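In what follows, a single structure is set out as structure tokens and then discussed.
Each residue takes its place number in the sequence, starting with 1. Everything numeric here is computed off the predicted structure, so don't read it as measured data. Both ligands and their constituent atoms are indexed starting at 1 by order of listing. Just the heavy atoms: all of them, side chains too, but no hydrogens, waters or symmetry mates, feed the values below.
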Amino acid sequence: MSSRYFTEEHELFRQSLKDFLQKEVVPHIEKWEETGHIERFIWKKFGDMGFFGLAYPEAYGGMNLDLFYTVILLEELQKINSAGFSAAIWAHAYLAMTHVNKEGNHDIKEKYLTPSISGDKIGCLCITEPFGGSDVAGMRTTAVKQGDSYVINGSKTFITNGVYSDYLVVAAKTNPELGNKGISIFIMDRDTPGISATKLDKLGWRASDTGEIAFDNVTIPASNLMGEENKGFPYIMQHFALERLIMGINAHARAEYALDYAKQYMSERQAFGKSIDKFQALRHSFADCYADMMMCKEFNYAIADRLDKGDYVVKEATISKLRSTKMADEVIYQCLQFLGGYGYMEEYPMARLLRDSRLGPIGGGTSEILREIIAKMVLDNKDYKPAT
Ligand SMILES: Cc1cc2nc3c(=O)[nH]c(=O)nc-3n(C[C@H](O)[C@H](O)[C@H](O)COP(=O)(O)OP(=O)(O)OC[C@H]3O[C@@H](n4cnc5c(N)ncnc54)[C@H](O)[C@@H]3O)c2cc1C
């Protein structure tokens, strides 16, 4: 089926991805949710299938495809109901790798982007700190230049792929006195002396490895600086547009998955002599949920289309995440209600969906921060510009 955004090629890709996920990933999800450790072989399989290279240059092994292939990857990952697994994949492919691709020079790309695309190396993006979450500019990690090296000291927290990844993309202050104008981005290997990581326990995203990382006199070559010194903040802000749209797309996809599941369940579950999808109270509630999901989905597609065409959609991506993650939480809450007591049971998908979804309004910019950005752009006419 083709549509305004999806061609027949896209749909063929969607089908082969679905088959792959069912065959290669779904049989392992319960184990990974329990252990919090995604086994290495699946990363390689994703690489072999080309899934990490959808949006990246052919020169480094990618396929340089339009953004709707990424949209399909994100949507189908949500529909196997492990937002933790999905997060591990997209944090590597679209948080860490975006910085490597955009700010890394040729040598860095050869060393990190090529093996990231093939699934041989896994990356993580380290911005958040114990004393600098929403307030990115408040970060305290420093990078001090000494000859041909930088020496990194500080800590990061809540980092997806923070314990098991092979390399780290790290934001640190090169000129602390300059505030957000003194942040730079570095890349470093996991086994660099002085890096240590601890795994965190959490409500949802249980298959994903979320880590706290300490940097104790970590010495890296000066050539591991990515992009220009002190340009880190604009780089981070620029890529937030993609990250936030990704989180918006994830949200509409998991809400759609919840609604599909609830629809089937409601057609089979009997009460008072009929299937529960015949009760008007539930029908109307379902219709509201469906309408809200569709509004977000169509908005997200439109913004993905604009981003793909090169528009700077920072306001729209912010709106996408703000609205879609709220919608997903509400829809999933209601879908769990449609299942009654079964919704509360781990054997059914809603329990995990509900707790996984809760991260949506927090990670990658809380809803409060997103409202601040929208208010500044609309009320104060603030114009965020792409990094040059
Ligand atoms: C599972 C998980 C995975 C994550 N993965 C990553 C990752 O891979 N890389 C990474 O760098 N980070 C990651 N994060 C961090 C995430 O982006 C931060 O948690 C988030 O940005 C919020 O920062 P904080 O937790 O420090 O909250 P805080 O900044 O301490 O905020 C606490 C509360 O205060 C509110 N608040 C703060 N400032 C304002 C304000 N100005 N106005 C109104 N309200 C305000 C917030 O909205 C929030 O409700 C992850 C987090 C989690 C939980």
Regarding [X] and [Y], does a basic nitrogen lie under 4.0 Å from an acidic carboxylate oxygen?
X    : Y    : value
R269 : D277 : no
E34  : K31  : no
R14  : E75  : yes
R352 : E30  : yes
E129 : R140 : no

N/O to N/O below 3.5 Å, does that happen between [X] and ligand 1?
X    : result
E368 : yes
T366 : yes
I127 : yes
S134 : yes
T160 : yes
F158 : yes
T128 : yes

Is any heavy atom of the protein nearer than 4.0 Å to [atom]?
atom                    : value
atom 12 (N) of ligand 1 : yes
atom 35 (C) of ligand 1 : no
atom 30 (O) of ligand 1 : no

Quiz item: Mind checking whether G364 has a heavy atom under 4.0 Å from ligand 1?
Solution: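 G364 counts as a contact of ligand 1 under the 4.0 Å cut-off.
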
Self-check item: side-chain hydrogen bond (donor to acceptor under 3.5 Å, both in side chains), paired with Y112, selected from D189, D107, N224, D166
Solution: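 That would be D189; it is the only one of D189, D107, N224, D166 passing the side-chain hydrogen bond (donor to acceptor under 3.5 Å, both in side chains) with Y112.
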
Self-check item: L178: hydrophobic cluster co-members (side-chain, 4.5 Å)
Solution: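 L178 shares its hydrophobic cluster with no other residue.
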
Quiz item: Linking Ile, Leu, Val, Met, Phe, Trp and Tyr through side-chain heavy atoms less than 4.5 Å apart, which residues share a cluster with F215?
Solution: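 When side chains under 4.5 Å apart are linked, the cluster holding F215 also contains Y150, I152, I159, L168, V170, F186, M188, I195, I213, V218, I220, L225.
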
Exercise. Check whether the side chains of Q334 and S285 place a donor and an acceptor atom closer than 3.5 Å, and report yes or no.
Key: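 Their side chains do contain a donor-acceptor pair, which is all the 3.5 Å distance test asks for.
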
Practice problem: Classify the side-chain pair Y167/S116 by whether it contains a donor and acceptor separated by less than 3.5 Å. | Solution: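 Side-chain D/A pair, Y167 to S116: present.
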
Quiz item: Got a sec: does the CZ of R40 have more than 12 other heavy atoms crowding it under 6.0 Å?
Solution: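 Atom CZ in R40 is crowded, with more than 12 foreign heavy atoms closer than 6.0 Å.
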
Exercise. Would you mind finding which of G132, G133, A87 brings a heavy atom closest to atom 26 (O) of ligand 1?
Key: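 Answer by nearest heavy atom: G133.
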
Quiz item: If you measure from atom 53 (C) of ligand 1 to every heavy atom of I362, D209, L203, L359, which option wins on shortest distance?
Solution: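 Among I362, D209, L203, L359, the closest heavy atom to atom 53 (C) of ligand 1 comes from L359.
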
Which residue owns the protein heavy atom closest to [atom], what's the atom, and how far is it?
atom                    : result
atom 21 (O) of ligand 1 : G365 N, 3.9 Å
atom 9 (N) of ligand 1  : L125 O, 2.9 Å
atom 42 (N) of ligand 1 : E372 CG, 4.4 Å

Quiz item: Of all the atoms in ligand 1, which lie at a distance below 4.0 Å from a heavy atom belonging to I159?
Solution: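 By the 4.0 Å cutoff, the relevant atoms are 7 (C), 8 (O), 9 (N), 10 (C), 11 (O).
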
Exercise. Pull out every atom of ligand 1 sitting under 4.0 Å from any heavy atom of I369, numbered as shown with elements.
Key: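 Once the distances to I369 are compared, the set is 38 (N), 39 (C), 40 (C), 41 (N).
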
Practice problem: Check T192 against T219 and note the closest heavy-atom contact, atom names and distance. | Solution: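 Heavy-atom minimum between the residues: CG2-O, 3.7 Å.
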
Exercise. Please state which part of N161 comes within less than 4.0 Å of ligand 1, counting heavy atoms only: side chain, backbone, both or neither.
Key: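 Neither part.
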
